[in-house]
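The chains referred to below are lettered A, B, ... by the order of the sequence lines, with proteins before strands, and numbering in each begins at 1.
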Number of protein chains: 2
Amino acid sequence: MNIGQAAKASGVSSKMIRYYEQIGLIAPAHRSEAQYRTYEDADIHTLRFIRRARDLGFSVEQMKTLLALWHDRGRASGDVKAIALEHIAELDRKAAAIAAMTATLRHLASNCHGDDRPDCPILADFADAPPEADLPEVSARFGRANLG
Amino acid sequence: MNIGQAAKASGVSSKMIRYYEQIGLIAPAHRSEAQYRTYEDADIHTLRFIRRARDLGFSVEQMKTLLALWHDRGRASGDVKAIALEHIAELDRKAAAIAAMTATLRHLASNCHGDDRPDCPILADFADAPPEADLPEVSARFGRANLG
DNA sequence: GATAGACCTTCCCATCATGGGAAGGTCAAG
DNA sequence: CTTGACCTTCCCATGATGGGAAGGTCTATC
């Protein structure tokens with residue numbers, strides 16, 4: 001199997017397969033005589049594992065650990081569960097930050113008549129809200145999440 | 001006021017103030033004889049506006065539009081509200097994606113005894129879950145959101 | 001005045017996961 | 001033997017942010 005077939009079979013793009021190889025998440029693929037990467041069923045299995053973990057929001061670093069645990073027949077399930085729980089906690093934090101933002105925005109938007117008149121409580125809030133404390137517990141400060 | 005004071009007064013770091021100037025989100029600051037950027041109260045006001053919008057998760061592009069509307073005395077509040085509502089919708093999509101992930105993860109984790117035994121339904125799922133359809137309606141596929 | 005230290009400047013690099021695209025090699029079908 | 005689909009490597013871009021180096025400026029203290 002060439003990389004294109006492997007990509008289709010696993011749901012991981014060719015680009016990402018090469019990238020994962022480059023950063024050491026997966027072992028270097030075997031090569032054909034012409035230096036084409038070749039993949040066996042076991043490799044596809046690994047790529048699907050990665051795809052699944054990625055879909056669940058795990059970082060490459062976490063996937064490295066999970067793959068290592070997967071390949072370790074004697075691993076403790078507690079180790080895996082700990083990573084999962086930590087990740088859940090992180091996702092919950094992100095969800096809370098988003099919920100805080102949408103709550104504020106919904107409030108502001110509901111007070112904005114949203115017609116041709118220039119009067120707008122949303123802009124008024126942006127212009128006059130006092131500067132937030134620099135490091136709130138659950139920070140509402142964060143970059144644009146690429147959850148698109 | 002120098003950039004450091006402006007940063008403290010606005011809650012936007014010096015680095016980001018320079019960056020916002022560079023990408024044209026804010027006008028180039030006036031300069032002292034020694035080429036130091038100087039800031040007036042009106043500039044701080046603008047920076048706080050930006051800080052507030054950023055805290056509510058707006059992208060730089062959206063902030064550009066919001067700033068333009070803010071400076072346009074005759075703008076229609078409907079234009080502002082539309083941006084806010086679109087942003088709310090996007091945040092809701094992200095929240096839904098996160099909720100889907102946590103639901104799955106919580107389910108898997110609850111079935112994992114999490115002790116010294118190697119048997120682990122989390123890894124079993126990762127290894128055997130069928131590849132997802134490539135483009136689900138509310139995609140669970142996304143990069144790591146930097147909502148830290 | 002001189003010097004120390006806090007500030008400022010520009011410039012480059014890193015993040016994280018992902019894709020785009022160029023230049024060139026390979027393979028299979030017609 | 002050509003065409004087109006594939007593969008290779010290499011470089012660049014994203015978005016918002018920070019780190020840090022090399023060098024200039026300002027201010028307070030001796």
Side-chain angles (χ1 to χ4, degrees), chain A residues 1-26 28-39 47 50-64 87 90 94 97 134-135 139-148, chain B residues 1-26 28-39 47 50-64 87 90 94 97 134-135 139-148:
Chain A
M1 247 201 229
N2 284 342
I3 198 171
Q5 266 102 43
K8 268 178 205 152
S10 67
V12 180
S13 72
S14 306
K15 279 276 188 188
M16 289 314 297
I17 295 176
R18 293 196 197 95
Y19 172 71
Y20 291 149
E21 178 181 317
Q22 190 202 318
I23 64 173
L25 180 63
I26 56 182
H30 295 128
R31 300 290 187 124
S32 72
E33 288 187 7
Q35 292 308 106
Y36 282 22
R37 288 175 181 81
T38 60
Y39 297 88
L47 287 172
I50 288 169
R51 168 71 198 264
R52 175 72 168 156
R54 194 195 60 177
D55 283 350
L56 289 171
F58 286 94
S59 71
V60 165
E61 272 315 302
Q62 287 172 316
M63 289 195 285
K64 264 185 199 173
H87 183 45
E90 196 188 333
K94 292 176 186 178
D134 267 337
L135 291 169
S139 177
R141 295 177 60 187
F142 63 100
R144 254 48 49 201
N146 49 339
L147 311 189
Chain B
M1 246 200 224
N2 285 343
I3 199 172
Q5 265 103 44
K8 268 179 204 151
S10 67
V12 180
S13 72
S14 306
K15 279 274 188 189
M16 289 315 296
I17 295 176
R18 292 195 197 96
Y19 172 70
Y20 290 149
E21 178 181 318
Q22 190 203 314
I23 63 173
L25 180 63
I26 56 181
H30 295 128
R31 300 288 188 127
S32 71
E33 288 186 8
Q35 292 308 106
Y36 281 23
R37 288 175 181 81
T38 59
Y39 297 88
L47 287 172
I50 288 170
R51 167 70 198 263
R52 176 70 168 156
R54 195 194 59 178
D55 283 350
L56 289 171
F58 286 95
S59 71
V60 165
E61 273 314 301
Q62 288 172 315
M63 289 196 284
K64 265 184 196 172
H87 182 45
E90 195 188 333
K94 292 177 187 178
D134 266 338
L135 290 169
S139 178
R141 294 176 62 188
F142 63 99
R144 255 48 49 202
N146 50 339
L147 312 188

* **d(CD, A:Gln35; P, C:dC27) in whole Å** => 11 Å
* To do: Go through C:dC27, C:dG20, D:dG18 for me and flag the one nearest to the B:Met16 side chain.
  => D:dG18
* For B:Ser13, answer base if it contacts any base atom (sugar-phosphate contacts may also be present), sugar-phosphate if it contacts only those atoms, and nothing otherwise; contact means non-hydrogen atoms under 4.0 Å. => sugar-phosphate
* What is the nucleic acid contact for A:Arg18, judged by heavy atoms within less than 4.0 Å: base, sugar-phosphate only, or nothing? -> base
* B:His87 side chain vs B:Gln62 backbone, donor-acceptor pair below 3.5 Å -> no
* Can you tell me the distance, in whole Å, between the CD atom of B:Glu21 and the P atom of D:dA16? => 17 Å
* Asked: Of the candidate nucleotides C:dC11, C:dG25, D:dC10, which contains the atom at the shortest distance from the side chain of A:Tyr36?
  -> C:dG25
* Structure fact -> B:Arg31 CZ to D:dT25 C1', in whole Å, measures 14 Å
* To do: Mind calculating the distance between NZ (A:Lys15) and C1' (D:dT9) to the nearest angstrom?
  => 9 Å
* Asked: Within the side chain of B:Arg51, is there an N or O that forms a donor-acceptor pair under 3.5 Å with the backbone of B:Gly11?
  -> yes
* To do: Of all the heavy-atom pairs spanning A:Leu47 and A:Ser10, show the shortest one and how long it is.
  => CB-CB, 3.5 Å
* How close or far is atom P of D:dC10 from atom CD of A:Gln22, stated in whole angstroms? -> 9 Å
* Short side-chain N/O contact to D:dA16 OP1/OP2 from B:Tyr20, under 4.0 Å -> no
* Which nucleotide sits closest to the side chain of B:Ile3: C:dC8, D:dA16, D:dT8? -> C:dC8
* **Whole angstrom value for the distance that separates C1' of D:dC26 from CZ of B:Arg37** => 17 Å
* Donor/acceptor link under 3.5 angstrom from B:Tyr19 side chain onto base of D:dG18 -> no
* **Pairwise 5' ranking along DNA chain D for B:Ser32 and A:Ser14, keeping only the more 5' one** => A:Ser14
* Asked: Would the number of heavy atoms belonging to other residues, nucleotides or ligands and lying under 6.0 Å from NZ of B:Lys8 be above 12?
  -> no
* To do: Output, in order, the C-alpha distance, side-chain angles, deciding distance and verdict of salt bridge (charged side-chain N to carboxylate O under 4.0 Å, His left out) for B:Glu21 and B:Arg18.
  => CA-CA 5 Å; B:Glu21 178 181 318; B:Arg18 292 195 197 96; over 6 Å; no
* Over how many whole Å does the gap from A:Glu90 atom CD to C:dC16 atom P extend? -> 12 Å
* Asked: To the nearest Å, how far apart are A:Glu61 CD and C:dA17 P?
  -> 8 Å
